[in-house]
Amino acid sequence: MPRLPARSNHRRVAITAIGIVSPLGRGAAANAAALREGRDCVTPVTAFDTAKCRSKTAGQVAPMPLPDVARAGRLHRASHMMIHAVREALAGDTAFKPECMVVGTTSGGMSFGESYYRSQVEHRRDRDRARLVANYPPQKPLLDAMSAAGFRAPLQIIANACASGTNAIGHAFRLVRAGQCSRALCGGYDAICEMVYAGFDSLQASTTEKVRPFDRARTGLVLGEGAAVLALEEWESARARGATILAEISGYGISTDNHHLTQPNPNGIGPELAMQRALDDAALEPGRVDYINAHGTATPFNDASEGLAIAKLFGPGVPVSSTKSMMGHSLGAAGAVEAVFCVLAIRGGFLPPNINFRERDPAWDLNIVANTSRDARVGCAVSNSFGFGGTNASVVIEEARA
Amino acid sequence: MRAAVAGIGCVTPLGCGMDEVWRRVDAGESPELTRVVNPETAREHVVAPVPKAVLAGLAHLGREPRMRRASPISLFAAAAGKAALADSGLELAGPVKSRLAVVFGVSSGGVQYTRRFYEQVVKQGANAASPLLFPETVYNAPASHLAAMLGVDGATYTLVGDGTVGMQALHFAAQLLAINDADHVLVVAAEELDWILAEAHHDWRLLATARTVPRSPAGRRGAIIAEGAAAVLLQREGGRATIEIAPGESFFSRKDAAGALSAALSVHSHRGPVDLIADGANGTWVDDPIREAVARNFPQPPKRTLPVKEWFGEAIGCGALLQVVAGVDGLARFGCASALVPCIGWNQQAAAAWIGRCG
């Protein structure tokens, strides 16, 4: 969607805090260490039986205790992840008071919906059914997180499939930049569940072996899970109260590719438009970008479309990696998780690796950060997310400069 | 957050479009209630579906390339969305189309395909589950189909939430206009029925049981869940009405909920008496406190109250937007200057919109 000429009164948007739970670990420090190490955190699925699935692995978050949360055992795993992520962010910036919360997800507490259905099939007179129904909706983990963190705010939940997390960050960014609010908490979450796992398996989108984004012999994705949030604040407001500014969000682009419900247009027009619009929004030339955290699911179709778009827009120079190679595809959380990874790369001066990479695809000339992380100054990063339904989204994240 | 309403559309258990709805309401008709049966337990629930005759009238949409395998929710969304565009007279071409965004609100989503797909996983095994079903289970499938039908290549968003999600979608759309991300936003909300949806509402004590549903909706206890779609085309100025949305805060308990609704209503109460209320009471402990909260914040009775959920049933994620459609339509139909749309969700948010008539 072409934007009208940029207004001169656009405000800058600071990231003042982050929180993350992923298969790589709990908390920003653990995730940064795993990214540097290039740790493969994809393991055999334990949450449900995969005997009748082609694929058997996923990136899974280890159980997290919440001893101080009342009746935590009754909450969905997604609530646990969101509570940890939100608490980490707000502990990192205790003066941050969100005026709104914008979060992406694809499936909410779906595994509770599965249990509910099974209770019907198995004719269980289950007194627990009401709890399953109450904790199934996508808003519940977010309300639980707000309650546990001690704040409340208007909530917007974006379900644009795998682009949801980036859409949530992008929309929150635009609200702050335009002065619609001064502080927004944004991010994404998803917890792995049998139905979605079986869904990708039925589409033969998931792989039976290692996940190899952008590899010539890539065979598909593995699913993951996680939660991540970013505290966004109008730049001058953050500076005035002495907040630590971790990075700056400077651009957001969205496009809709009407080619097919589950497959991108092979000409790459959807990703290209999203990235171009994000760069235009940030008033940046492609040559200014130091790192692209690609959507990179490792499905033949996605990587072909995205690879083509990156090569066309950026040429062969810019380093590209898909961190899904380490933790799988966390769907609605992916955009938020990967935006946090970009912040960690900028802050830590390194390029996260694209592990399991063996052979470049001759279809495009990309500078893949193959298998091991690299030390590098990252002044500007682009994070991509593309989803079912043809929704494509990109955000531009830059190092904090006064 | 303020915007202008350029067009409205709806698909309901009382027909397509408000003219048809009013014809049937004036004739004293109620939705044709049917029973859905839980095949696992044989338990029956009373629901208000979109009638077969209405579905037959939408068959042409089902022949669109992207809609052949789509579930009813996508069909309803497409029909309501196209009706709102037609109502507005907006020509979708060139720069107008490139600056049109789609915002879709939903609570339960494509529950028919979701239940069927998981049923196959459970009963036949994941290796037998149909890959044709799974893509239609994602929340944003209806929005994707609608965007493809309209040729929208810019912003398409799907919002999920409780029964207020239609209002949240309107608020989101107004934000897109305010931050200059779009010049027009087509806001659509839709739901479809399935036995498991009725069963879940029963387990949460929200559903009217077969034994307690009287022939007249007045006085019933519990909601009749329904399906359908509502659509509103928003733009910055002009149109047939202005709408200002107070999105409300989130709440954590029913006690909090009443306060959240009062806070949302108080945003509008300084305007004085309201002419028309598009009511959200649905016969349950969730929504019926709306009437008390409205009476507290707007003590002077309105000229008219539209019992929207008595007409249509509780259409969950599209209920609030159906209230808005009824409110916008009611302004012109009854010569009112203002309408209030209060809504309260099951477990997330309360919201209220003020609609003012233009011209």
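This is a predicted model, so every value here is computed, not measured. What you see below is based on every heavy atom in this structure, not just the backbone, and it leaves out hydrogens, waters and symmetry mates.
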Contact origin within [X] toward chain A - heavy atom pairs under 4.5 Å:
X        : value
B:Phe117 : side chain
B:His201 : neither
B:Val121 : side chain
B:Glu119 : both

With distance as the sole test, does [X] use its side chain to make a donor-acceptor pair with the main-chain N or O of [Y] at under 3.5 Å?
X        : Y        : result
B:Arg205 : A:Ala130 : no
A:His123 : B:Thr41  : no
A:Thr256 : B:Gly154 : yes

Flag the pair [X] / [Y] as yes when at least one side-chain heavy-atom distance between them is below 4.5 Å, and no otherwise.
X        : Y        : value
B:Asn127 : A:Cys53  : no
A:Leu155 : B:Gln168 : no
A:Ile158 : B:Leu159 : yes
A:Met195 : B:Phe134 : yes
A:Gln156 : B:Gln175 : yes
A:Arg152 : B:Asp256 : yes

Could you tell me which of [options] has the largest number of non-hydrogen atom pairs under 4.5 Å with chain B?
options                                : value
A:Asn167, A:Val196, A:Leu175           : A:Leu175
A:Asp201, A:Val133, A:Leu261, A:Thr262 : A:Leu261
A:His171, A:His260, A:Met146, A:Met101 : A:His171

Shortest non-hydrogen separation from [X] to [Y] and the atoms involved:
X        : Y        : answer
A:Ala198 : B:Ala126 : CB-CB, 4.0 Å
A:Asn258 : B:Gly151 : ND2-C, 3.9 Å
A:Arg277 : B:Asp153 : NH1-O, 3.3 Å
A:Ala134 : B:Trp346 : CA-CH2, 3.9 Å

Any chance you could measure [X], atom [atom1], to [Y], atom [atom2], to the nearest 0.5 Å?
X        : Y        : atom1 : atom2 : result
B:Thr137 : A:Met110 : OG1   : CE    : 6.5 Å
A:Ser119 : B:Glu40  : OG    : CD    : 10.0 Å
A:Tyr136 : B:Asn347 : OH    : CG    : 12.5 Å

Could you check whether [Y] and [X], counting side-chain N and O atoms only, form a donor-acceptor pair closer than 3.5 Å?
X        : Y        : value
A:Gln139 : B:Asp162 : no
A:Thr391 : B:Thr156 : no
A:Asn160 : B:Tyr139 : no

Output the option from [options] having the highest count of non-hydrogen pairs under 4.5 Å with chain A.
options                                : answer
B:Phe251, B:Phe104, B:Tyr157           : B:Tyr157
B:Gly125, B:Ser250, B:Ala148, B:Gly248 : B:Ser250
B:Met1, B:Glu249, B:Gln348, B:Lys123   : B:Gln348
B:Ile196, B:Val138, B:Val106, B:Val102 : B:Ile196
B:Ala169, B:Pro247, B:Ala129, B:Ala147 : B:Ala147

Side chain from CB out, backbone as N, CA, C, O: work out which of these in [X] comes under 4.5 Å of a heavy atom of chain B, or both, or neither.
X        : answer
A:Phe200 : both
A:Gln180 : side chain
A:Ala159 : both
A:Gln204 : neither
A:Phe48  : neither
A:Val102 : neither
A:Tyr116 : side chain

Whether over 12 other heavy atoms sit under 6.0 Å from B:Gln124 CD: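 Yes, the 6.0 Å shell around CD holds more than 12 heavy atoms from other groups.
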
Indicate the ring-plane relationship of A:Tyr117 and B:Tyr118, choosing parallel, tilted or perpendicular according to the 30° and 60° boundaries.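 A:Tyr117 vs B:Tyr118 ring planes: perpendicular.
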
Residues forming a salt bridge (Lys or Arg N to Asp or Glu O under 4.0 Å) with B:Asp194, sequence neighbours excluded: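 Once residues adjacent in sequence are excluded, the partners of B:Asp194 under the salt bridge (Lys or Arg N to Asp or Glu O under 4.0 Å) criterion are B:Arg115.
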
